[in-house]
Protein chains: 2
Amino acid sequence: MHPGKRPVNGWAPGGRYARGVTFPVVGMVGGGQLARMTHESGIPLGIRFKLLSDTPQDSAAQVVNEVVIGDYRDLDTLREFARGCDVITFDHEHVPTEHLRALEADGIPVRPGPDALVHAQDKGVMRAKLDAIGVPCPRHRIVRDPADVAAFADELGRGGHEAPSGKGGGRRAGGFPVVLKTVRGGYDGKGVWVVNSAEEAAEPFRAGVPVLAEEKVDFVRELAANVVRSPHGQAVAYPVVESRQVNGVCDTVIAPAPGLDETLALRAEEMALGIAKELDVVGHLAVELFQTRDGRVLVNELAMRPHNSGHWTMDGAITSQFANHVRAVLDLPLGDPRPRAPWTVMVNVLGGDYPDMYSAYLHCMARDPQLKIHMYGKDVKPGRKVGHVNTYGDDLDDVLERARHAAGYLRGTITE
Amino acid sequence: MHPGKRPVNGWAPGGRYARGVTFPVVGMVGGGQLARMTHESGIPLGIRFKLLSDTPQDSAAQVVNEVVIGDYRDLDTLREFARGCDVITFDHEHVPTEHLRALEADGIPVRPGPDALVHAQDKGVMRAKLDAIGVPCPRHRIVRDPADVAAFADELGRGGHEAPSGKGGGRRAGGFPVVLKTVRGGYDGKGVWVVNSAEEAAEPFRAGVPVLAEEKVDFVRELAANVVRSPHGQAVAYPVVESRQVNGVCDTVIAPAPGLDETLALRAEEMALGIAKELDVVGHLAVELFQTRDGRVLVNELAMRPHNSGHWTMDGAITSQFANHVRAVLDLPLGDPRPRAPWTVMVNVLGGDYPDMYSAYLHCMARDPQLKIHMYGKDVKPGRKVGHVNTYGDDLDDVLERARHAAGYLRGTITE
């Protein structure tokens, strides 16, 4: 019997690898650090992992027992990989939607499913759906060419093309600057342009992918609302966090978001729970938000997998985003998402000029015995995410300083 | 260059597996749950594991990437395994001491080293050393045969054969009952007999292993003092815990030990730190203690590896015993051992009559979203340790009840 045919729930577990052990096997597509940390969180749960990785050196491939090296863009590879898995989940959104539908047609549970995941894969589909369910977003529309971008900018300038959120965002002469995004394939600032004129708007169209134009929101800060939802509809919400980006890459996350108005925090959590329900998301959903100067929250991006804005939960919450993602895709009851400390701070460790971080890592451990370091086993390249640090405590300034110092020292930008 | 020849410290890391990644590789001998949880704790540290396991189905072999199947009693197997490892450590004490000396002679760091580990392997050597350094133990001596056991009992009865601890333990007519232990190979109550007469004392001598006789200590409870020590001499002490045994097997651990007199707690911690220093232990040292009715602490057993009495640290301490063991054997600075909650309770999950725990596991998650379950991926056999649960909080009664209920439900002894 094809293991994928077995229903994945507590009463009919499927795993068949270890003798006697009937706990299910999770098939993880993608060998990055999200897969690595999901595997780490699955070990105490007694859940076995099977990994589909591009290379044996990928972050997760170094620490998972059963690793298949292959291309997730190839359906036959995915089908072969899925044998012996009770459910398939992902550490990225790049698996072609049609392949996911094919796996489902084979009877293999895919979580999140293709109908949900497409909203994290295609920004055009995502915006259309959020408009349809009345979730406030930046004003936006698909544009055909630079001239169309200028037309969209005019609409913004005239305060037209209102989003369902009602009240318009910042008005500018001619509506520029405008944000342009290819609807597929972008991440960490890639596939995103901010243009000040039609003349600057040529490049995004070169890829031949549909381009989404959005107003450049006048925000005071970025927030993230992270929730986890299971197939039987149970959902939990983590506290809303502040996410600070540097050059389009997440740099610092503070949990909970300092000084966030309770009503706004509640609205953001309800918005994320509503999106998870309406889009039938299974697993972890990250909703990246803009907090506008005029007191609104607008949805920036969606991610349907464990997310950088949730890394703080590994040391700062009762149940981590990774453990809850595993529990969700297996339709297990979800764990308590509440924080364990008044403040938890995550700072990403980016590669610097020194290829070997080991001695810096040793220094950081000696300086701060409470520091929680998470290294991904990745080659150090300038600007590349190679790990993160978590700190927690009662005093936000202290917690922030400790995390920033450690991350800066590991990168080599702080030397004392 | 033989990787074992490289000094293991932060300034000369040795790992050579991932491209560019220079973090060291830890060779773990033994594929049990201690190895599994040590690997789990090594993932965020970016430390790579190589595992020597008896079978591919062993607890740790299911979750580690690089697994060598072989017999730890065979020196050639150990030598081959050690290639590419920067340090060798263990999840049990059963590797022959002479093999460890041979590996050291090859230039491979073995931590803890054979000269330390022998004290955890041979109870006779351990008692002699603790006597020599003035650590209070139950009165004891090596006995030759049942008649010699009777002679030892007489000495106890006459209050003779004082241990360096001075004040004698409980006096009994003829000194029986007497505890007999084979000096090697015992664990979880195996290799231990309590005899009430010379007639009952025949069996321990059948194994042909030297037998240690000890007074049966009149204790109020058992405690454990857990410490971690690194090669450069840094050491940390976890709070002293109460350990409750059932049929010679650890059942419940409460951290910290409720109502323990501060002076006695401090004495126990200092005793454990002193033993680690005097025996040159590297890594985690568990010192199992008797708290006597007359207010002393006597050393029962030593374990030089992560220990069941330290499993609570995975969810209850800032740094777990496993993470600190990894940091110690690599001579990295140690992490903060302090507790994160007022009370943490660990209860072992033993196998019951039902081979499949998955539905019970699901029920426990649903009943207590704060429960921390740790499953080892082992076949369920009656009485076998297959996992543990941790709970923590402010109210000891509540924390105890939650942990006991979950463990009992998983075993099948509690059904509502």
Side-chain angles (χ1 to χ4, degrees), chain A residues 9-11 13 17-24 36-37 39-40 42-49 57 61-65 67 236 314 318-319 327 332-338 340-341 355-359 361-367 369-380 387, chain B residues 9-11 13 17-24 36-37 39-40 42-49 56-57 61-65 67 236 314 318-319 327 332-338 340-341 355-359 361-363 365-367 369-380 387:
Chain A
N9 60 52
W11 313 103
Y17 281 75
R19 307 150 308 171
V21 178
T22 58
F23 280 40
R36 179 186 178 103
M37 294 184 275
H39 167 61
E40 177 191 340
I43 292 173
L45 292 172
I47 301 303
R48 305 207 40 157
F49 267 71
Q57 290 80 27
Q62 298 171 24
V63 297
V64 172
N65 178 258
V67 181
V236 295
M314 299 179 86
I318 294 171
T319 313
R327 288 162 77 145
L332 288 165
L334 301 179
D336 193 327
R338 286 176 299 169
R340 287 194 71 171
D356 181 6
M357 283 191 180
Y358 195 78
S359 60
Y361 156 97
L362 185 149
H363 171 92
C364 291
M365 287 187 185
R367 183 181 192 265
Q370 296 178 54
L371 181 69
K372 308 309 286 187
I373 302 184
H374 299 266
M375 301 302 289
Y376 305 154
K378 291 161 73 174
D379 289 352
V380 173
Chain B
N9 58 53
W11 314 104
Y17 281 75
R19 307 150 308 172
V21 178
T22 57
F23 281 39
R36 178 186 177 102
M37 294 184 276
H39 168 61
E40 177 191 340
I43 293 173
L45 293 172
I47 300 304
R48 306 207 41 158
F49 267 71
Q57 291 81 26
Q62 298 171 23
V63 297
V64 172
N65 178 257
V67 181
V236 296
M314 299 179 85
I318 294 170
T319 313
R327 288 162 76 146
L332 288 165
L334 302 179
D336 192 327
R338 286 175 299 169
R340 288 194 70 171
D356 180 7
M357 284 191 178
Y358 195 77
S359 59
Y361 156 97
L362 184 148
H363 171 92
M365 287 187 184
R367 183 181 191 266
Q370 295 178 54
L371 180 70
K372 307 309 286 187
I373 302 184
H374 299 266
M375 301 302 288
Y376 305 155
K378 292 162 71 175
D379 290 351
V380 173

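Quick note on labels: first sequence line is chain A, next is B, and so on, each numbered from 1. Values in this document were obtained by computation on a predicted structure and should not be read as measured data.
- If you tally non-hydrogen atom pairs under 4.5 Å between each of A:Arg36, A:Met37, A:Glu40, A:Arg340 and chain B, the highest count goes to A:Arg340.
- In this structure the side chain of A:Pro44 never reaches within 4.5 angstrom of the side chain of B:Lys372, judged on heavy atoms.
- Contacts between A:Phe49 and chain B at a heavy-atom distance below 4.5 Å are absent for every atom of the residue.
- Across A:Ile47, A:Val236, A:Leu371, A:Asp336, the residue that shares the most heavy-atom pairs under 4.5 angstrom with chain B is A:Asp336.
- In this structure, the side chain to side chain donor-acceptor pair (under 3.5 Å) partners of A:Tyr376, at least two apart in sequence or on a different chain, are A:His388.
- When all heavy atoms of B:Pro56 and B:Ala61 are compared, the pair lying nearest together is O-CB, 3.5 Å.
- Counting heavy-atom pairs closer than 4.5 Å to chain A, the top residue among B:Ile373, B:Thr319, B:Leu45 is B:Leu45.
- A:Leu362 is listed as a side-chain neighbour of B:Leu332, based on a closest heavy-atom distance under 4.5 Å.
- Heavy atoms closer than 4.5 Å to chain B are found in the backbone of A:Val64, but not in its side chain.
- In this structure, B:Tyr358 and A:Phe23 have perpendicular ring planes: the angle between them is above 60°, well past the 30° mark.
- Under the side chain to side chain donor-acceptor pair (under 3.5 Å) criterion, B:His374 pairs with B:Asp315, not counting sequence neighbours.
- Residue with the most contacts toward chain B among A:Met314, A:Met365, A:Met357, A:Arg327: A:Met365 (heavy-atom pairs, distance under 4.5 Å).
- When heavy atoms are compared at a cutoff of 4.5 Å, A:Arg367 does not approach chain B at all.
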